[in-house]
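Structure in structure tokens, see below.
Every chain is numbered from 1 and lettered A, B, ... according to where its sequence line falls, protein lines coming before strand lines. When reading the values below, keep in mind they use all heavy atoms of this one structure, side chains included, and skip hydrogens, waters and symmetry mates.
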Amino acid sequence: MFEPVSPQVSFPELDATHLAFWEDARIFEKTLEREADKPPFIFYEGPPTANGMPHPGHVMTRVMKDVFLRYRTMGGHYVPRRAGWDTHGLPVEVEVEKALGISGRDAIQAYGVEAFSRQCIDSVFKYIDEWQEMTRRIGFWLDFDAAYVTFHKSYVESVWWALSEMFKKGLLYQGYKVIWWWPQGGTALSAGEVGQGYKTIDDPSVMIRFPVVGEDETSFLAWTTTPWTLPSNVALAVDPGTVYATVEVEGERLIVAEALVEKVLGEDGTVVSRRKGSELVGMRYEPPFRYAEPEGGPAWEVVDADFVSLDSGTGLVHLAPAFGEDDFRVCKDKGMGFLQLMNPDGTFPATVTDFAGRFCKDADRDIIRNLRSRGLLFKEEVYRHDYPFCWRAMDDPLIQYARRSWFIRTTQEIERVKENNRAIHWEPEHIKTGRMGQFLEGNVDWALSRERFWGTPLPIWVNDETGAAESVGSVAEILERNPKAFEHFENAKAKDPSLQEHLMVHKPWVDEVTWVKRGEPGVYRRVPEVIDCWFDSGCMPFAQWGYPHQGQDEFQRSFPADFITEAVDQTRGWFYSLMTISTLMFPAQEVPHPFKNCVVMGIITDEKGKKLSKRDKNYTDPLVLMDRVGADAVRWALYAGTVPGQNTRFFDAAATDAVREFLLKIWNVYSFFVTYANIDAWTPTADRPPLSERSDMDRWLLAELDATVRAVRRELDDYKSHMAVRHLLSFVDGLSNWYVRRSRARFWATDDTADKRAAFSTLYETLVDLTKLTAPFTPFMTETLFQNLVRKNDPSAPESVHLASFPEPDEARVDDALRRTVEQVRNVVNLGQRVRNENKLKVRQPLAEAIVVVADDGERAAIDGFSDAIREELNVRSLGFTQEPEIYVEFELLPNFRVLGPKLGKQVPACKKALAESDGSALYAEMEANQKIRVELPDGPIELTLDEVEVRLSAREDFAAASGAGQVVVLDTRIDDDLRREGMAREVINRIQRARKAMDLPYEARIEVSWNADGEVAKAIEEHAERIAGETLATRFEAGDAEGATVEETEIEGTPLRLGITKAPA
RNA sequence: GGGGCACUAGCUCAGGUGGUUAGAGCGCACCCCUGAUAAGGGUGAGGUCGCUAGUUCGAGUCUAGCGUGCCCCA
């Protein structure tokens, strides 16, 4: 016996049961223990930062990870799933600053770096419970107990090791990086923060004369909106392809882009010569200010650049590499010098005598006045644009500012990174050459350092006298240099035991670590910076084990990963850092590494395509949604609606649809099966007729099942979960809407026939395999089915569906011919129903015959095998076939383009025309007779064979017929009296059934019916009384006064009918 | 400003390698069905495949340009 199943099901309640069961029975742990000797399938979890609430986007990547991992687990792999937490970085600091109500370096230092770091630790785990609960609730099995944490000492030491290796190879160097800088706060801002602080403001827009060296009375006219950067001018940029004109105006010559002459200089000027931008390159000019000489290269020359626009300005742009990212890049490429006349606090240094101590933006007006007085100012305007301010202090403008920074020389190894990228299987494929490929093409050295507090400290110590630098890869290496290096930390810990061991490798403690070297003056002190947290997470393949200081075996066994998946925003984040670090660290490793397959998900948006945001509240909390519809529905909606690389519009309706479209369909079949299996006391140990002795219907279902198993495996092997979903949906549709619907009567049969046993066996086997096949997608509902269908009656079965094996292809079930036949049969039924609809012939009205046009005896026999089904579905007394289709059908011959295209080439349209204009039926007859036809084309006659044409049938209009998918069905629409009376009888049955339903009778309840009618209706009732009584379970059915518990006044084809219905005594 | 992706039915989306009647689900209309019934099922109407050129015998599919939206970077 099976546990009785209610058709009403609460999926959220089932979820709770299974979550408890999995935990109590340690099912997840058992998948790991059981599989430990199996071939591993390695997965890396991209570590989230738990300082924000998880939202539907996180749910999506989690379920995507889970489906492939469950699939591999059931497929016989050992699939460890270790959680990880990303704990460093600017966003963490920003959150803590917000919480503490402080901001900026000075404020943090005043608050205390140690206390601040502790706050950061608390902050990164603020929502860890919510994250774990969401993960648990959605059914993503992940080993949180073994989670790696990026701030832990062993992790940091691994990162240090990687950095020290790079340092030794000369891959770490110091240079400048232009960042958005908040002068008043003394700190850089992240892109995200910059984006939050834009305001529309008016800035001066000035055109300045830059006198050309060697050409009298001639100046370049260049443009800038930041006059305060002019003292640090190093070059002028032109576009090499643009034509520049030298224009004589009022006794001087000015050089501007030819296209802008009139706009800038008016109509008075005379063009005296023209030069392309490329010809100007290398020309020298007098800078407007000369407080200091640029260092490291030449200065005050014209260079070519790719960003010069003619939309505004003069076509020449002033470049100050210290204060603009583009400026810096171009000047660096051209080997120009560098000059930075501005203090980090935004004031001019003493060197800039005229403006010393003035704040940059405030000095603009004085600088313009100065230029005007020296005759260098050509024009001053106001320029309205969006400019970023500090989002925490909206009156403080940000400036682009070059800071000393540490870089990884990724450009040196970029070819190897690209080779690695090419070897990776990206899903979708276009990431490889598109987003990632293009990113790698434009690769610049990785700006690694951050002037912040909470991050992995950069492990470089510099001698404060000699400037010699050393990098270390572990605490042990430090202790070799100075056994007392961590004394400060030890003392602090002695005082405060709550101080975590991990913090010894963090600021402020690590900054106390120093050493001296014998025979060298000076003390080695750590550089102040911490590093980009993307470097942390990119080290996880080895740092999660503390490699190489420990965990060597674990690392070897789990490197590289078979599979990772995250959202597309990780292309330049985690995917890049993983790939780059691995390429630099493990040059001997065969590509690809550290991951072989990467599924890149799009982002989740709301119904209207808008980004999800907490502020707009445009999504339902995932936990709330799961409590409403269940975790499986949310999962299925995501699998069904999400294509890698594409954005997904996700909204609650998608989850409710999933319940109806998929989960409930399976549930209904399951509930149907259990109901009748229990009535019949059928159990899985009952006789199972061999496949060969089962009906076509059974073998068809199993053939479809097998095809689905193959398809789902193929798609999942290919990381195309959305395609696997389609196969499952279409199978479940066939199961529910064809197999079960057509087979119901077989399950009601009262006596124990071989056919009934075959039906039970088939449906049971199908449900069990379908359960396993679907388990990776919807792990909750499938557990219910598995427990009841399999485990309940077989204690030797796996304890959980997730410990079972994924279904294998089964050669014995393959029957493509049968699948094709049923497809045709279902099409015949559809066509017949169309004919009925079009001719307003209700299915209740029986018809004499349906005629199917068939091509040959084989097709006829195949379809005839399903004659019963077709006759019932179409309510016709007989099913006929015709091989004289020309009576009902018109033929049209078309070229088989795929075959004839290459053969005929340009003659194809002529051939199509000739065929269309001929008598199709005659051509068809000719083809039947000769296996070939002759067609006259303008270029001469050609012969066409059967495979070179496509025969298209269409129903002749004078028949009730429909054609489609290469088939034609004709209905005999003549209704004689006999048929009419049978139709009437069916009407009566229908009326009584409707009354039964209105009376709310259980389906097995018996009734007594008294009826009253005249004429043809009465005759029809009398004629079919037995059948009417039988179908309506009437123990008494007779003409009379039509009185009873319920009296039904109705009419059939205009004849009144009165029915009296009473529940029969039991 | 650069790169990437998308644009197919009212809505949400599928549509290897080019082949002539472009599919599904939802919604809508009409209809069927007591034995899965507070369920289930059928049929139908809806599309110049964003626009414009081009390549080709043939383009939703390939190429170029344009438009709109989104993402990443600047």
Minimum heavy-atom distance A/L944-A/C911, with the two atoms named: CD1-SG, 4.1 Å
Mutual orientation of the aromatic rings belonging to A/F2 and A/W682 [parallel < 30°, tilted 30-60°, perpendicular > 60°]: parallel
Pair of N/O donor and acceptor under 3.5 Å linking B/A36 base with A/S736 side chain: yes
Sugar-phosphate, base or nothing in reach of A/V899, heavy atoms under 4.0 Å: nothing
Spacing of A/Y576 atom OH relative to B/C72 atom P, expressed in whole Å: 19 Å
Touch class at under 4.0 angstrom, heavy-atom based, for A/N896 against every strand present: nothing
Atom pair distance, as rounded to whole Å: OH in A/Y739 and P in B/G41: 18 Å
Below 4.0 Å: OP1/OP2 of B/U43 and any side-chain N or O of A/N830: yes
Residues A/N443, A/T411; criterion side-chain hydrogen bond (donor to acceptor under 3.5 Å, both in side chains); working and verdict: CA-CA 6 Å; A/N443 187 255; A/T411 48; 5.5 Å; no
Any A/N837 side-chain nitrogen or oxygen under 4.0 Å from OP1 or OP2 of B/C31: no
Nearest-0.5 Å distance, CG of residue A/L440 to CD1 of residue A/I414: 5.0 Å
Nearest-angstrom distance from the residue atom CD of A/Q833 to P of B/G41: 13 Å
Nearest-nucleotide pick for A/N990, side chain only, options being B/C33, B/G19, B/G40: B/C33
A/R742 CZ - B/A36 P separation (whole Å): 13 Å
Separation of the C1' atoms in B/U56 and B/G18, to the nearest angstrom: 9 Å
Every protein N/O lying under 3.5 Å from an N/O of nucleotides 4-10 of chain B:
| residue | atom | partner | partner atom | Å |
| --- | --- | --- | --- | --- |
| B/C5 | O2' | A/Q646 | OE1 | 3.4 |

Euclidean distance, atom CZ of residue A/R844 to atom C1' of B/G42 [Å, nearest integer]: 14 Å
Selection from B/A36, B/A74, B/G42 that lies nearest to any side-chain heavy atom of A/D326: B/A74
Nearest-Å distance once atom C1' is located in both B/G23 and B/U8: 10 Å
Closest-nucleotide ordering on RNA chain B, the 5'-leading residue of A/L735 and A/D569: A/L735
Distance (rounded to the nearest 0.5 Å) between A/E982 CD and A/E987 CD: 12.0 Å
Distance, C1' atom - from B/C26 to B/G58, rounded to whole angstrom: 35 Å
Salt bridge (Lys or Arg N to Asp or Glu O under 4.0 Å) between A/K1063 and A/E1008, worked out: CA-CA 6 Å; A/K1063 189 166 186 285; A/E1008 295 178 347; over 6 Å; no
Sugar-phosphate, base or nothing in reach of A/F747, heavy atoms under 4.0 Å: nothing
Tabulate protein N/O versus nucleotide N/O from nucleotides 24-27 of chain B, keeping only pairs under 3.5 Å, one per line.
| residue | atom | partner | partner atom | Å |
| --- | --- | --- | --- | --- |
| B/G25 | O2' | A/E661 | OE2 | 2.4 |

Separation of B/A36 C1' from A/L663 CG (nearest whole Å): 16 Å
Whether A/W636 and A/F777 hold their rings parallel, tilted or perpendicular, with breakpoints at 30° and 60°: perpendicular
Rounded distance in Å between the P positions of B/C5 and B/G15: 16 Å
Selected nucleotide, minimal atom distance to A/Y676 side chain, candidates B/G42, B/A36, B/U21: B/A36
Candidates B/U43, B/C71, B/A36 - which lies nearest the side chain of A/R834: B/U43
Same-atom distance (C1') from B/U20 to B/U12, integer angstrom: 28 Å
Canonical and wobble pairing (Watson-Crick, G-U, under 3.5 Å) of RNA chain B, dot-bracket with |: (((((((..((((.....[...)))).(((((.......))))).....(((((..]....)))))))))))).
Protein-nucleotide distance (A/H722, atom NE2; B/U12, atom P), rounded to Å: 18 Å
Most 5' of A/M723 and A/I603 on RNA chain B, judged by nearest nucleotide: A/M723
Is_stacked (A/F439, B/C72) at 5.5 Å, 30 deg: no
Between P of B/G44 and CG of A/N839, the distance in whole Å: 13 Å
B/C57 versus B/G41 - spacing of their P atoms, nearest Å: 49 Å
Where the chi angle of B/G18 falls, syn if within 90° of 0 and anti if not: anti
Closest to the A/R572 side chain, choosing from B/A36, B/C73, B/G41: B/C73
Minimum-distance nucleotide to A/K842 side chain [options: B/G42, B/C72, B/C32]: B/C32
Parallel, tilted or perpendicular: rings of A/Y670 and A/W667 (30°, 60°): perpendicular
Donor on one side chain, acceptor on other, A/R991 and A/T1050, under 3.5 Å: yes
Centroid-centroid distance, A/F575 to A/W426, less than 6.0 Å: yes
Gap in Å between the two C1' atoms, one belonging to B/A22 and one to B/G60, rounded: 7 Å
A/F760-A/Y676 aromatic ring centre distance below 6.0 Å: no
Sugar-phosphate, base or nothing in reach of A/K840, heavy atoms under 4.0 Å: nothing
Candidate nucleotides B/C32, B/C72, B/C13, ranked by approach to the side chain of A/V643 - the nearest: B/C13
Distance-only side-chain donor-acceptor flag, A/R994 / A/N990, under 3.5 Å: yes
Gap in Å between the two C1' atoms, one belonging to B/G3 and one to B/A45, rounded: 43 Å
Under-4.0 Å salt bridge between A/E715 and A/R726: no
A/W446 and A/Y576 aromatic ring geometry - parallel, tilted or perpendicular at 30°/60° bounds: tilted
Of A/R741, A/R742, A/R744, the residue whose pairing with A/E872 passes salt bridge (Lys or Arg N to Asp or Glu O under 4.0 Å): A/R742
